[in-house]
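What follows is one structure encoded as structure tokens, with my remarks underneath.
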Amino acid sequence: MRKKNIVIIVSVILVIGFLSTYTENWHITESGAIPGNHKIIISQDTVYGKAAIYEDMKNQTFGAVKLNKKLGLFYEYGGLAEREFPEEDMPFQVVGFGNNVEQNDSFVVGIKVNRNSNIHSISLGYHKKITDYNESYEFSMKDIEAHPDKYLVKEVKNGYVLFVMDEYTHEGWTMRGFDKDGNMVADKLFSAQPRYTNW
């Protein structure tokens, strides 16, 4: 009988040890799963758990993060990308990352809008490629309404916008900012920096 009790006690200790090692990075809150001291601003449900935008006021940075859901209750850090807040002459700053594990919701784009920019909404995508980045062009929400299958649009909330897409594309890395009347006030064309478009 004593041997049986010892075997049970040792088995329980081994199981607890294994579980504590396996679950040591699991957290009940979204922000607890992100390394450091961060505040979640926006989050969105995904096939793997959550995608979120967080900010770190101490370091003046923001980031996009992947949070894996475990057992339907816990969050585990799954990777992030981080940038500094936009400089005063920039309309917004962009951060993005992808992963090859999931086939859906695998590319995350986080945008922090400069509070002085007058940007009310942001679009991702394009229906007509701009080849000369130095040449001005006309664009408004009417262009998006005419080609709804080519764009994603979201309103700015608390100074941020979060997009979750199935894959990285050149179209998904082309962004435009609009004022409350639907006029373009800023853009970030593929491989270029964000800029104001008051031409």
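Given the structure is predicted, the values throughout are model-derived calculations rather than measurements. Just so you know, these numbers use all the heavy atoms, side chains as well, and skip hydrogens, waters and symmetry mates.
Counted within 6.0 Å of CG on Asn158, heavy atoms from surrounding residues, nucleotides or ligands total 12 or fewer; the atom is thus considered open. Counting non-hydrogen atoms of neighbouring residues, nucleotides and ligands closer than 6.0 angstrom, the NZ atom of Lys69 exceeds 12 such neighbours. Heavy atoms of other residues, nucleotides or ligands lying less than 6.0 angstrom from CD of Gln60 number more than 12.
Under the 4.0 Å criterion applied to side-chain N and carboxylate O atoms, Lys39 and Glu55 are not assigned as salt-bridge partners.
Atom CD of Gln193 sits about 10.5 Å away from atom CG of Asp89, to the nearest 0.5 Å. To the nearest 0.5 Å, atom NZ of residue Lys112 and atom CZ of residue Arg83 are 14.0 Å apart. Note that CG of Asn183 and CG of Asp181 are 5.5 Å apart. Values are rounded to the nearest 0.5 Å. Put simply, CD on Glu88 and OG on Ser117 are 12.0 Å apart, with the number rounded to the nearest 0.5 Å.
A pairwise comparison of heavy atoms in Ser43 and Ile40 identifies CB-CG2, 4.3 Å as the closest pair. The nearest pair of heavy atoms linking Phe85 to Asp56 is CZ-O, 4.5 Å. Taking each heavy atom of His127 and Lys150 in turn, the nearest pair found is CB-CG, 4.0 Å. Of all the heavy atoms in Ser123 and Phe178, the pair that sits closest is OG-CE1, 3.5 Å. Scanning both residues, Trp173 and Val109, for their nearest heavy atoms gives CZ3-CG2, 3.8 Å. Minimum interatomic distance between Gly177 and Ile122 (heavy atoms only, all atoms of both residues): CA-CD1, 4.0 Å.
Residues Phe92 and Asp187 have side chains not in contact (no heavy-atom distance under 4.5 Å, counting atoms from C-beta outward). Looking at Ile119 and Pro91, their side chains come closer than 4.5 Å, going by heavy atoms from C-beta outward. Taking 4.5 Å as the limit, some side-chain heavy atom of Leu124 sits within range of a side-chain heavy atom of Met165. When side chains are defined from C-beta on, Asn59 does not count as touching Glu84, because their heavy atoms never get closer than 4.5 Å. With contacts defined as side-chain heavy-atom distances shorter than 4.5 Å, the pair Tyr54/Ile42 does not qualify. Within the 4.5 Å cutoff, the side chain of Phe190 has no heavy atoms near those of the Lys129 side chain.
Here the side chain of Asp179 pairs a donor or acceptor atom with the backbone of Gly182 at under 3.5 angstrom. The backbone N or O of Ala192 lies less than 3.5 Å from a partner atom in the side chain of Lys188, making a donor-acceptor pair. Under a 3.5 Å cut-off, the side chain of Asn198 and the backbone N or O of Val185 do not form any donor-acceptor pair. The backbone N or O of Glu155 sits nowhere less than 3.5 Å from a side-chain atom of Ser121 that would complete a donor-acceptor pair.
Geometrically, Arg176 engages Phe139 in a cation-pi contact defined by less than 6.0 Å to the ring centre and at most 45° from the axis. Lys66 forms a cation-pi arrangement with Tyr48, by the criterion of a distance under 6.0 Å to the ring centre and an angle within 45° of the ring axis. At least one cation-pi condition fails for Lys50 and Tyr75: the charged atom is not both under 6.0 angstrom from the six-membered ring centre and inside a 45 degree cone around its axis.
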Determine, stepwise, if the pair Tyr160 / Ile111 fulfils side chain to side chain contact (heavy atoms under 4.5 Å, CB included).
-> CA-CA 6 Å; Tyr160 290 91; Ile111 301 169; over 6 Å; no

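Screening Val156, Val94, Ile53 for a side-chain contact (heavy atoms from CB on, under 4.5 Å) involving Val161 leaves a single residue, Val156.
Side-chain contact of Tyr151 with Asp143: a donor-acceptor pair under 3.5 Å is absent, judged by distance alone. Between the side chains of His147 and Tyr126, no donor-acceptor pair is found at a separation under 3.5 Å.
Hydrophobic cluster membership is shared by Leu162 and Phe62, with clusters built from Ile, Leu, Val, Met, Phe, Trp and Tyr side chains linked at under 4.5 angstrom. Using a 4.5 Å cut-off between side-chain heavy atoms of Ile, Leu, Val, Met, Phe, Trp and Tyr, with links allowed through other members, Ile130 and Met175 fall into the same hydrophobic cluster. Residue Tyr133 is not grouped with residue Met90 when hydrophobic side chains (ILVMFWY) are merged at heavy-atom distances under 4.5 angstrom, including chains of intermediate members. In the hydrophobic clustering of this structure, Tyr196 does not group with Met141; members are Ile, Leu, Val, Met, Phe, Trp, Tyr whose side-chain heavy atoms approach within less than 4.5 Å, directly or through other members.
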